[in-house]
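What follows is one structure encoded as structure tokens, with my remarks underneath.
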Amino acid sequence: MISVVGTNTETLVMGGTRRGAKAKPRRSPLRRVGTPLLAVLVLVVLWQAVCVVFKVPYYIVPSPLEVGQSFGENISTLLEHSAPTVIEAGAGFLVGNSIAILLAVLFVHWKAAEDALMPVAVFIQTVPIVAIAPVLVLMLGTGYAPKIVIAALISFFPTLVNMVKGLKAVEKEHLELFRLLSASRSETFWKLRVFASMPFLFSSLRITATTSVIGAIVAEWIGSQRGLGYMIIQATYNFDTPLLYATMIMASLVAVVFFSIVSILERLFVTWSAESKM
Amino acid sequence: MTLNEVATMQPISIDNVGITFDTTDGSVTALEGVSTSLDGQSFTSLLGPSGCGKSTLLRIIADLLEPTSGSVSVLGESPETARTSRHLGFVFQDSALLPWRDALKNVTLPLEIGNGKVTDADKERGRELLALVGLEGRESSLPSQLSGGQRQRVSIARALITKPKVLLMDEPFGALDEITRDRLNEELLRIWQVTNTTIIFVTHSIAESVFLSQRVVVMSAQPGRIRDVVDIDLPDARTREVRALPEFAQYVTKLRNLLEGV
Ligand SMILES: Nc1ncnc2c1ncn2[C@@H]1O[C@H](COP(=O)(O)OP(=O)(O)OP(=O)(O)O)[C@@H](O)[C@H]1O
Ligand SMILES: [Mg+2]
């Protein structure tokens, strides 16, 4: 289930389409939603069949029915523990992306800052999050703070890279046009660079919407009494594998909601780009 | 003679202009010893093979590039002054519209910059210009919803909104099919007549340059120089019949020979 989320991270920098070329032909909504739904259904049925035919014990791999049952029984607990995860991931997403955007703006206007700080950002990125988590818990305690910081760290780098790229992805002729019109630096920024960067920014926001949830959950594995991450650890200790799977599904649902919110915002803001009309 | 008359008589004079670019392949002399001057409210074409420096010359006039040697004066001023006082309009080869702005907002962009906002009067003027280029009713279309020819018309309207005294056009119809190009050529002449600007028009097409211009400046490449200047003495009313005149064909042949270095 987590892998649904993971696939988005493989492309760190996705080129935003700057020109609204190539509008995709419209597929009927029924087929657009129906086809993947059918695929999931087939997989679930297959999974159930394998569990029944080979008599797989529920604590190794539970059948979909067992998972569904556990999900139904524990729905209130799952929702209760989703709340802190949502708060941590949401706050981390906002903080990490905001800092990344501000830094990108600074970098684009002040080359020396980029030269000085970009290597630091790259270095921070290379340290594995699982290694940073215990350090942060030691520093910041077991409250919301370390989880938010980790979700923020995960969101920070892709957006920094994409936003710097996006703010620079201005066509030469557009820059010439603005020079011809004697536009000031701030006019060039607000009327040109900001818009040019939007498709780039949103492709990274879509990635970090889901990775920030992963970050929050991983952070909850260490020294936490609440959250979906905590539930994952508990379910594993208790060999309550159906609950473990149910928690994973809940985590995926949270990530999907985050992703959808960003996609809707993108569709509202980036009306001119072909990419946003997926 | 008033100062104003002097300015309209010699809107552009180019004196011994040269420019050299430093590239990874060594230095490239794009222009060398280019001198010419243009009359007020004239229509001049720059014709020449690819890479002969037509765009470069246009960019020098528009103060987007600095010449390495020589000097340019636009309306008796430096190109920089002409640019900052908004006397220049520029039409780019591939329209260079901002894809996030609809047609009207693209056209009014030049008024927005510097003022911070567009007034209702500005919008009205934008609508008038869109009507002038034949795009009435397409004000709120995004560039991606317009055809190539329509995008070029929007970009012409955008260049005209500052009421420029000099309009520089860099192969504006280069990417269009011949029929559309011919039609836009006729429209351009109509627009030129109602707006009284001085136009410099860059093109690859011999027929287009003959049809449009009062004067064709033929350039040669490596280094970019002016090979010859040909005055086109065709009727002022350039209707499509003009293309069928024997003189039209003679000019085309003459320019072709010049281009091929015969
Ligand atoms: N910024 C630049 N840096 C280096 N060389 C340049 C630059 N701009 C132009 N040149 C060179 O100057 C020469 C003239 O270029 P220019 O674009 O003016 O040609 P052109 O006549 O407009 O050609 P085309 O018809 O293909 O547009 C070319 O050899 C080109 O490689
Ligand atoms: Mg050119």
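What you see is a predicted model; the values in this text were computed from it and never measured. The chains referred to below are lettered A, B, ... by the order of the sequence lines, with proteins before strands, and numbering in each begins at 1.
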message: Quick check on A/K191: does its NZ atom have over 12 non-hydrogen neighbours (other residues, nucleotides or ligands) under 6.0 Å away?
response: yes
Those residues that, when tested against A/F189, pass ring-ring contact (aromatic ring centres under 6.0 Å, His included) (two or more places apart): A/H109
Test item: B/D63 and A/L180 side chains (from C-beta on) under 4.5 Å apart, heavy atoms: no
message: I want to check something: taking the side chain as every heavy atom from C-beta on, are B/F90 and A/E176 in contact at a cut-off of under 4.5 Å?
response: no
message: How close do A/F178 and B/L109 get, counting heavy atoms only, and between which atoms?
response: CE1-CD2, 4.1 Å
Interchain contact, B/R83 with chain A, by part (heavy-atom threshold 4.5 Å): both
field: Atom pair CD (B/E112) and CD (A/E187), whose distance is rounded to the nearest 0.5 Å
entry: 8.5 Å
message: Does B/E77 have more than 12 heavy atoms from other residues, nucleotides or ligands lying within 6.0 Å of its CD?
response: yes
- prompt: Has A/Y144 got more than 12 heavy atoms of other residues, nucleotides or ligands less than 6.0 Å from its OH?
  reply: yes
field: Enclosure of B/E66 CD (heavy-atom neighbours >12, cutoff 6.0 Å)
entry: no
- request: Give a yes or no on whether B/E124 atom CD has more than 12 heavy-atom contacts from other residues, nucleotides or ligands under 6.0 Å away.
  value: yes
query: Between A/E173 and chain B, which part of the residue has a heavy atom less than 4.5 Å away: side chain, backbone, both or neither?
result: both
message: A side-chain contact here means heavy atoms from C-beta on lying under 4.5 Å apart; do B/P99 and A/H174 qualify?
response: yes
Part of B/L98 lying under 4.5 Å from any heavy atom of chain A: both
- request: Using a cut-off of under 4.5 Å on heavy-atom pairs, state which of B/G114, B/P143, B/A62 scores highest against chain A.
  value: B/G114
task: Indicate the ring-plane relationship of A/F195 and B/W100, choosing parallel, tilted or perpendicular according to the 30° and 60° boundaries.
output: parallel
field: Heavy-atom donor-acceptor pair, A/R179 side chain to B/L64 backbone, under 3.5 Å
entry: no
statement: Between the CG atom in A/L181 and the OG1 atom in B/T84, the distance rounded to the nearest 0.5 Å is 12.0 Å
query: Should we say atom CG of A/L268 is surrounded by more than 12 heavy atoms from elsewhere, each under 6.0 Å from it?
result: yes
